[in-house]
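In the text below, chain A, chain B and the rest are named by the order of the sequence lines, each starting its count at 1.
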Number of protein chains: 4
Amino acid sequence: MTRVKDDNKIARIFAATLELVLKNGYLELRMADVAKQAHLAIGTLYIYFKDKEDLINQLFIHLKSEKVSLMMQTYSAHDSFYITFKKLWFAYFGLSMQYPHKMLFIEQYVYSVLLRDDTKSRSEALIEPLLSILENAQKEHLIKDYSPQIILRHIMGSVLEVVKYFHAQKTQPSQNVINQCFEMTWNGIRQ
Amino acid sequence: MTRVKDDNKIARIFAATLELVLKNGYLELRMADVAKQAHLAIGTLYIYFKDKEDLINQLFIHLKSEKVSLMMQTYSAHDSFYITFKKLWFAYFGLSMQYPHKMLFIEQYVYSVLLRDDTKSRSEALIEPLLSILENAQKEHLIKDYSPQIILRHIMGSVLEVVKYFHAQKTQPSQNVINQCFEMTWNGIRQ
Amino acid sequence: MTRVKDDNKIARIFAATLELVLKNGYLELRMADVAKQAHLAIGTLYIYFKDKEDLINQLFIHLKSEKVSLMMQTYSAHDSFYITFKKLWFAYFGLSMQYPHKMLFIEQYVYSVLLRDDTKSRSEALIEPLLSILENAQKEHLIKDYSPQIILRHIMGSVLEVVKYFHAQKTQPSQNVINQCFEMTWNGIRQ
Amino acid sequence: MTRVKDDNKIARIFAATLELVLKNGYLELRMADVAKQAHLAIGTLYIYFKDKEDLINQLFIHLKSEKVSLMMQTYSAHDSFYITFKKLWFAYFGLSMQYPHKMLFIEQYVYSVLLRDDTKSRSEALIEPLLSILENAQKEHLIKDYSPQIILRHIMGSVLEVVKYFHAQKTQPSQNVINQCFEMTWNGIRQ
DNA sequence: TATGAATGAGCGTTCATTCAT
DNA sequence: AATGAATGAACGCTCATTCAT
């Protein structure tokens with residue numbers, strides 16, 4: 001019997017790729033460096049991923065689902081919508097501040113030419129739980145009844161831009177500033 | 001006498017670069033293609049721009065100042081702050097929808113490693129007029145007294161993400177949706 | 001397992017480079033031609049040598065140590081200094097006539113801007129054995145007590161220029177002429 | 001009547017080319033820089049010299065005849081051969097130390113692929129006066145009756161190599177060392 | 001003659017991918 | 001499946017030369 005494809009190797013490749021993207025950006029990402037960082041031979045990379053594009057697309061989906069999953073871990077059916085929303089927003093903001101490159105990697109490349117159409121579709125599907133939460137709140141007239149997609153973009157755009165700003169400044173926002181950002185967003189969508 | 005340097009060439013190079021970078025992304029941008037698209041020899045490109053990085057940086061500043069300049073054309077000292085803000089926001093949204101290529105280029109690369117620090121500084125300086133308007137409104141307690149920089153990022157991030165969404169969907173937002181976006185933003189920052 | 005690095009390739013690259021640089025000079029040396037001449041892909045060249053400068057520097061050291069090594073093979077501790085010197089001189093002259101390409105390469109580039117400082121230092125170190133022989137002869141008052149470095153340059157300069165002359169003329173010196181050259185040099189340094 | 005080719009411009013081009021070669025070596029010599037240094041437009045260069053090779057060849061002849069001419073200025077019919085030889089040797093050594101790049105330019109490129117055959121022939125002709133002096137000394141049995149060409153190469157090779165050595169060391173030889181070099185040479189050729 | 005903007009062939013080098021082991 | 005040496009297409013950029021003025 002021959003050995004089968006090794007999930008552990010895939011995890012190592014993902015980790016290596018992300019670490020390199022986070023350190024130097026996508027432009028500096030070299031397949032040879034990924035292999036080295038993952039303690040694999042270059043050839044081995046090509047057993048697990050068809051080519052560089054494939055690696056990026058798979059990593060993208062991996063990260064995006066991880067992100068949504070982490071956010072959804074804050075979810076509790078007992079919470080009011082306001083509490084749910086607040087937890088999700090702070091989770092999103094926190095994750096984005098903690099791993100700005102990771103978030104920028106995810107968001108910068110969503111609509112980029114690097115992603116295949118099927119990756120984009122799968123990515124869209126991942127945010128369904130978040131859209132559902134907004135839709136339910138709209139049924140209860142807790143937030144404006146605008147298109148949930150639009151509301152979501154409004155929220156995420158705001159967060160990402162602010163995070164990018166602090167990242168560029170190489171400073172951290174105070175808790176006060178973060179609260180202010182939340183207020184702007186909440187006041188923008190509340191009924 | 002000899003052939004005189006032709007400023008029109010710079011415009012052609014900018015147009016060609018923008019078109020190519022938006023079509024295929026920076027990764028796919030080839031200097032040879034820029035030259036061909038601008039109907040120039042490759043060498044000519046290097047008369048006007050030191051290298052690829054320089055081209056991107058100069059194009060960035062060019063587009064960003066053009067954007068602010070177009071927005072500020074809507075400004076009138078007679079207007080109330082609300083009217084001023086509304087005009088500016090709709091100008092920004094309109095420009096972003098009209099020239100999504102330009103706006104996405106600007107925002108994709110604002111904080112990217114491709115931009116030199118001096119380009120980033122010059123870029124920051126360009127938005128000063130917009131920050132001033134927000135500061136004056138704060139003195140009159142018309143909007144929240146959060147950091148103007150943060151408010152601005154919140155506003156721009158929201159617009160860009162929405163525009164990206166429609167651009168990716170290849171659809172146009174209705175006037176109604178645009179108004180809704182404005183409402184979310186205005187309600188987020190109003191006092 | 002994979003294909004193992006092939007030391008023979010380095011020899012082929014050295015041979016190809018030397019042949020090309022001597023035929024057309026450094027200015028006309030193209031990495032692509034070296035690869036072709038050595039029956040390698042261009043990329044392979046860059047596995048073994050960092051860049052063109054590195055190739056030239058390594059080749060230089062290789063040839064210079066080969067030259068000194070061949071000369072020193074004539075050395076025998078039993079010989080008188082005069083015999084030792086004569087053997088070394090004739091070896092140097094003979095090698096230079098036999099491989100004018102190699103010798104001219106070495107001398108053309110010794111002090112050239114193409115060579116890194118560390119290459120120059122390593123090159124200096126290689127001639128230590130020759131300097132030692134001169135120093136010992138000075139202790140026995142067999143040759144003038146001028147700086148050994150200067151004496152060595154005087155000797156080598158003379159040989160090289162004569163060799164260059166015959167190489168340019170595409171003729172060979174008679175044994176008589178070679179003896180005359182030796183006499184000039186020996187009479188110049190003898191005590 | 002139109003203006004004719006301007007000898008002054010040729011002098012400026014020669015001076016500019018030499019200065020740049022002396023400063024940075026031939027590898028760094030750019031036609032555009034020559035034009036700038038000579039305060040001319042690039043196009044003008046090509047009115048006076050067919051191409052870069054032509055410029056180098058003409059400059060070479062210019063410098064070599066200047067060198068011989070400067071050496072021959074030390075010549076006086078009243079001097080004994082020894083005095084004549086000594087003056088010439090010291091002139092050659094002095095010129096070489098004073099303008100090492102100039103001398104290396106002349107000597108390095110004599111047999112180089114940069115020079116056309118007719119340039120080489122003309123160059124050979126220029127050293128005729130020096131060969132004559134040696135031949136006359138041989139008739140008087142003052143020096144060995146070896147081939148004057150060989151004697152001349154022996155002398156020049158020695159000087160050039162020593163000069164190269166000091167140039168590389170970035171030091172100046174003491175008067176004592178220079179005298180020693182002369183002694184080696186004189187003792188090598190004297191009868 | 002003089003100018004210098006424009007040209008484009010051609011170079012050094014990189015790096016995703018292949019393939020012999 | 002795993003390896004990593006080998007490959008070569010393709011890029012950014014230079015600079016000698018041309019040519020419209």
Side-chain angles (χ1 to χ4, degrees), chain A residues 1-6 9 27-36 39-56, chain B residues 1-6 9 27-36 38-55, chain C residues 1-6 9 27-36 38-55, chain D residues 1-6 9 27-36 39-56:
Chain A
M1 228 191 246
T2 68
R3 280 165 291 181
V4 287
K5 284 194 183 179
D6 180 351
K9 285 209 181 63
L27 277 174
E28 299 290 309
L29 186 70
R30 319 265 174 261
M31 293 300 266
D33 293 343
V34 172
K36 186 183 279 182
H39 300 292
L40 294 171
I42 300 190
T44 311
L45 228 56
Y46 283 85
I47 294 168
Y48 292 89
F49 299 93
K50 192 182 143 292
D51 53 23
K52 192 177 178 180
E53 191 203 77
D54 185 39
L55 169 56
I56 291 300
Chain B
M1 278 305 150
T2 165
R3 284 171 281 187
V4 283
K5 274 201 188 184
D6 182 356
K9 282 203 186 63
L27 278 174
E28 300 290 312
L29 184 69
R30 320 274 174 238
M31 293 302 265
D33 293 342
V34 172
K36 188 180 284 180
H39 299 293
L40 294 169
I42 302 185
T44 311
L45 230 57
Y46 287 86
I47 294 172
Y48 294 90
F49 301 93
K50 196 184 139 293
D51 53 21
K52 192 176 173 182
E53 190 203 80
D54 186 41
L55 170 56
Chain C
M1 278 305 149
T2 163
R3 286 171 279 188
V4 284
K5 275 203 187 182
D6 181 358
K9 283 206 185 61
L27 278 174
E28 299 289 314
L29 183 70
R30 319 278 173 236
M31 293 301 265
D33 293 342
V34 172
K36 188 180 285 181
H39 299 292
L40 295 170
I42 302 184
T44 311
L45 231 56
Y46 287 85
I47 294 172
Y48 295 89
F49 300 94
K50 199 184 137 291
D51 54 20
K52 191 177 174 181
E53 190 203 79
D54 187 41
L55 170 56
Chain D
M1 229 193 246
T2 68
R3 280 166 292 179
V4 286
K5 283 195 185 181
D6 180 351
K9 283 209 182 63
L27 279 173
E28 298 289 309
L29 186 70
R30 319 262 176 261
M31 294 300 266
D33 294 341
V34 171
K36 185 183 277 182
H39 299 292
L40 294 169
I42 299 190
T44 312
L45 227 58
Y46 283 84
I47 294 167
Y48 291 89
F49 298 93
K50 191 184 144 292
D51 54 22
K52 193 177 177 180
E53 190 202 78
D54 185 40
L55 169 57
I56 290 301

J.: What is the distance from NZ of B:Lys36 to P of E:dT7, rounded to the nearest Å?
T.: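 Value for this atom pair: 15 Å.
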
J.: Treat a base pair as Watson-Crick or G-U wobble with both distances under 3.5 Å, then lay out DNA chain E in dot-bracket form, 5' to 3', with | for cross-strand pairs.
T.: .||||||||||||||||||||

J.: Just how far is it from atom NZ of A:Lys36 to atom CZ of A:Arg30, taken to the nearest 0.5 Å?
T.: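 Here the rounded value is 12.5 Å.
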
J.: To the nearest Å, how far apart are C:Leu55 CG and E:dT13 C1'?
T.: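 These atoms are roughly 14 Å apart.
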
J.: What's the spacing between A:Leu55 CG and A:Tyr48 OH if we round to 0.5 Å?
T.: 13.5 Å

J.: Measuring to OP1 and OP2 of E:dA2, would you say a side-chain N or O of D:Lys9 lies under 4.0 angstrom away?
T.: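 Yes, such a contact exists.
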
J.: Along nucleotides 10-15 of chain F, 5' to 3', which nucleotides get a B, which get an S, and which get a -, given that the test is a protein heavy-atom distance under 4.0 Å?
T.: -SSBBS

J.: Atom CZ of D:Phe49 to atom P of E:dA2: distance rounded to whole Å?
T.: 13 Å

J.: With D:Asp51, which residues qualify under side chain to side chain donor-acceptor pair (under 3.5 Å), at least two apart?
T.: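 Here no residue qualifies.
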
J.: How many Å lie between CG on D:Leu45 and P on E:dT1, as a whole number?
T.: 14 Å

J.: By side chain to side chain donor-acceptor pair (under 3.5 Å), which residues pair with D:Lys9, not counting sequence neighbours?
T.: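 In terms of side chain to side chain donor-acceptor pair (under 3.5 Å), with neighbours along the sequence ignored, D:Lys9 is linked to D:Asp6.
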
J.: Whole Å only: how far is the OH atom of B:Tyr48 from the P atom of E:dA5?
T.: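 That distance rounds to 8 Å.
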
J.: If you assign C:His39 and A:Leu40 each to the DNA chain F nucleotide with the nearest heavy atom, which residue ends up on the more 5' nucleotide?
T.: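 Comparing both residues, the 5'-ward one is A:Leu40.
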
J.: Can you tell if the side chain of B:Leu29 reaches within under 4.5 Å of the side chain of B:Lys52, non-hydrogen atoms only?
T.: yes

J.: Only counting residues at least two apart or in another chain, list the ones meeting side chain to side chain contact (heavy atoms under 4.5 Å, CB included) with D:Ile42.
T.: D:Ala32, D:Ala35, D:Tyr46

